[in-house]
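Throughout, protein chains are lettered first and strands after them, A, B, ... in sequence-line order, and every chain is numbered starting at 1. What you see is a predicted model; the values in this text were computed from it and never measured.
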4 protein chains.
Amino acid sequence: MVNVDLQAVLEQIADEVGALPGRGHSADYIPALAGVDPHRFGMAFADLDGRVHGVGEWQVPFSAQSITKVFTLALVLAKDGTGLWESVGREPSGNPFNSLVQLEYENGIPRNPFINAGALVVTDRLQSLTGDAGEDLLDFLRAESGNPDLGFDLEVAASETAHGDRNAALAHFMASYGNIRQPVPTLLAHYFRQCSIEMSCADLALAAGFLARHGLRADGSRLLTRSEAKQINAVMMTCGTYDAAGEFAYRVGLPGKSGVGGGIVAVVPGRGTLCVWSPGLDERGNSVAGVAALDRFTTLTGLSVF
Amino acid sequence: MVNVDLQAVLEQIADEVGALPGRGHSADYIPALAGVDPHRFGMAFADLDGRVHGVGEWQVPFSAQSITKVFTLALVLAKDGTGLWESVGREPSGNPFNSLVQLEYENGIPRNPFINAGALVVTDRLQSLTGDAGEDLLDFLRAESGNPDLGFDLEVAASETAHGDRNAALAHFMASYGNIRQPVPTLLAHYFRQCSIEMSCADLALAAGFLARHGLRADGSRLLTRSEAKQINAVMMTCGTYDAAGEFAYRVGLPGKSGVGGGIVAVVPGRGTLCVWSPGLDERGNSVAGVAALDRFTTLTGLSVF
Amino acid sequence: MVNVDLQAVLEQIADEVGALPGRGHSADYIPALAGVDPHRFGMAFADLDGRVHGVGEWQVPFSAQSITKVFTLALVLAKDGTGLWESVGREPSGNPFNSLVQLEYENGIPRNPFINAGALVVTDRLQSLTGDAGEDLLDFLRAESGNPDLGFDLEVAASETAHGDRNAALAHFMASYGNIRQPVPTLLAHYFRQCSIEMSCADLALAAGFLARHGLRADGSRLLTRSEAKQINAVMMTCGTYDAAGEFAYRVGLPGKSGVGGGIVAVVPGRGTLCVWSPGLDERGNSVAGVAALDRFTTLTGLSVF
Amino acid sequence: MVNVDLQAVLEQIADEVGALPGRGHSADYIPALAGVDPHRFGMAFADLDGRVHGVGEWQVPFSAQSITKVFTLALVLAKDGTGLWESVGREPSGNPFNSLVQLEYENGIPRNPFINAGALVVTDRLQSLTGDAGEDLLDFLRAESGNPDLGFDLEVAASETAHGDRNAALAHFMASYGNIRQPVPTLLAHYFRQCSIEMSCADLALAAGFLARHGLRADGSRLLTRSEAKQINAVMMTCGTYDAAGEFAYRVGLPGKSGVGGGIVAVVPGRGTLCVWSPGLDERGNSVAGVAALDRFTTLTGLSVF
């Protein structure tokens, strides 16, 4: 690590990824995202002290979407401890991120906090704990990234609400098992608002720094115990990239969490955090160029956990 | 790591685990294994140079069972490269280890090489490549462990064959999709023989050393590329403990592979390998005391990959 | 048939059923129904000319619940022809009546019009065709039964709405596939109102008479073609009693439709219609005494279609 | 019925079916059947007294395949009563005929005796009861059809055995649950031999006559009680045409059983039996022209049970 010129590595990756033939398609089920050029690309690495290296559009905000699920999970664990795990599992689902099948076989307990059903439960609990899940999350992200301008994109949130029947189905379904505490429309409003937050690669890499620092926030205060930070990294490794978690672990070998906005955050425990953004998605909802870039990163630097 | 007294850690773990109230039950579907006392316990750590620390019954041979799947996978990748991945996936299954459901939805391609269906495909390929999968595996294990006395337990193999209808169903089912090359009875004979190998914690920790040495064998020769070794570790992390891989990653945070004989092998990349044995299993087929011991090991030493 | 004394048969059945040891439990997920005594019993037979034989509480109104699905299906087919079958299948589901699993594998097209998902689609279409599905249904039932006092039980409807998360999930889920035309809350209001209609055995047997008369209404006018009437009977035979349709056909051998209020309507094509009511349900949601009574009826009279 | 000129009806049907545009494809997974011209066609009606009307190739033998499952079921019920139903269900499967999924969820108890898994259990029991399931079946079919020349087509049986991995998987899978009594290879040999029997439309219509005669054999002796005959008809109605039973009931409205040789037997209780043959199959394994011919038959004659 001492000998790695990270800026040079990032620039080499940007060059290589620029030559990738297929780049996938932008998420088409959220109209406000569908128009984004799938060839855009940015990548940033933040070290433990908050120094950031970047390449491409690493300072351009994009829709964080499911990446925010890492932060709501951390906030619920920080505020309420491990009781959450009675309502959400920690196993990979082996199924698409919005599947209802497994939920039915398992009586309304979602497999893990990163599939949509699980994230709905986490947001439901954060809302119960804070009274305003969205604001609480925003405060945290602004503090960690040092960017006071972070905010919701209400157009994206409205767009998702209008096309949100699948998530409404998931929420009502879990409510039928008693696993949702807020009224479903309230929960959905908070959930879609949370997903709509706009952040850059730099913002996200910095905000996730507590996972590389074994639980310590940017200001040195403790958010999570060392053990809790390890646990979130483990859940990201086994469940962070929808039903492609095995493939991501195989190629990249780092805990990671993707979003349909095209972003992926990855953690090198004890070293730093990465965020890559490119809006073209593969059929499982992960950024094509993003996974390729992280694959190259661990190969070039040897910074895989394996 | 420099400051860790591994022998002291292992002894502390043995003490703590000795006080565990519930210990699970020995595998009851293999009559030859059903009689083993679930309270037996051994644990060993092998460093990169082959030095072994041990505690309890760390030198007592037990039935390796599914742990052997790590080695057959490595041998097929070493001999034949990544073509294997066209016939076997790399995703966690989210289902019990001997489920046929997913296999049907996915047209006879098993989810990963560590569920029974996937391991049958790997053994099938090893048999095609070597003409005698069992002997080839045995040669490798003897060389890496330095123990020339390793052998099959034919009584256990016969016992599994007599109760092997589920595996016969899996093999015929995949054959109906064209994903098995050997005659099914031949394949099953090799598969059950392979699973019956008897090894001690010390033997297994040493034999798995190539995964901690990024692909190098005990004699310094290269079995796998650094990238291939990383990949096997990644598959162990996401798929190595049946449908409890998420839980294992969450608690232990190391790549691991369990067997119904009660053994678990775990890898600390760049540091060494662990093997723990205790025959009492939880309802998912993993050693109760084994998982607890590895959990304590990573907590006490900080040697998790996260 | 000429020689059958139907009144005597019904009385014999009432005696025998009265001696049944287990009678099941009233539906407990609808609080307004949970308090009904499972031992209540009534049964009626209406011939083609509208003459009714009855025994027990055959004139006491009860909550028709899913039996109403037969009538909404007939009304949609009468008004709109077979286009409905592009949005709803005609196959038994092999799964519980409120399952989401199959719906997901089959892209939001419910298996048949008698599982909840299918009935929601039928009510959605009736609402689109008439502007007021509930009133249209009520008009039809009043005319056929000759009972102008039929009405909704708004307490039951409110009770179901309050516990209606599962049906809300089904409706949103199908809406996500574009298979629902009304706003989901509007649809659910009509659906629960429809299910809450209170009718006696006599009312229901008379109202279903068009199915025994090959499509002719009580006043001799044609509601359905002979072929359409045959088709509804066929769907009742294969799908009318949730995931126990095979068992019902095996024991009773008549087209039938049950409801969780404890009622069952059955059709003897060309002869007449039966309705039996007893609130105690088996684990699949069918009236225990109701199925037993119909089983005895076909055995005593030979009036099975087989 | 009195007024129906059955010969004229059959000839009209043959004309109409001859003009059908698409005719499907012959079964391609059994090489010995794949070569048969999908446009061949024959149809026969046998009345209760054994008089046969026929059209087209109604006297040409073809491979009876799954139609034989009706007869083995009747023989087991005749010899052993209803104990069979503890090992086989009576519900439609809602899944393809050779699915393993449901079998796993339901612990090795097949849904009904007409899917492959269920038929394997029935043949297993017949073999246990008689010592030679195939010969026993052949004796029965020869007696009922009056055709002493009926026999196995050993080429077809060998062809199925060579491609029988899916059925071997089903049998081993059920054996793993203890639901198979014969050694699996023995069972498979009998099963494939049974399916290979060659019969004409006339033979099959006559052989099924006991189902129209409420349990009486051709010679007037009783094979089954009236209730048992009703029950087999009911199972044919709800489960006789793979996962298209609802569609078949909807279009035809008679109990029926199809085979991948292109034959379908249908029962008009109290009137007679039909058999139609045309080798072109739809995607669910039922004869395209066969279903169309039966659909026309019930429409032209009104002889549906509904």
Please state whether the side chain, the backbone, both or neither of Val252(B) comes within less than 4.5 Å of a heavy atom of chain A. backbone

Just so I understand: if I count every heavy-atom pair under 4.5 Å between each of Leu211(B), Val235(B), Val305(B) and chain A, which residue has the most? Val305(B)

How many angstroms lie between atom CG of Asn112(A) and atom OH of Tyr250(B), to the nearest 0.5 angstrom? 13.0 Å

Which of Ser227(B), Gly270(B), Ala244(B) touches chain A most, by non-hydrogen pairs under 4.5 Å: Ala244(B)

For the side chain of Lys230(B) and the backbone of Ala249(A), is there at least one donor-acceptor N/O pair under 3.5 Å apart? no

Examine whether an atom of Arg251(A) lies under 4.5 Å from a heavy atom of chain B, and if so say whether it belongs to the side chain, the backbone or both; otherwise answer neither. backbone

Output for pair (Ser304(A) OG, His214(B) NE2), nearest 0.5 Å, gives 8.5 Å

Please assess Arg284(B) against Glu91(A) for the test side chain to side chain contact (heavy atoms under 4.5 Å, CB included), listing each intermediate value before the final yes or no. CA-CA 13 Å; Arg284(B) 283 153 153 181; Glu91(A) 291 301 328; 4.0 Å; yes

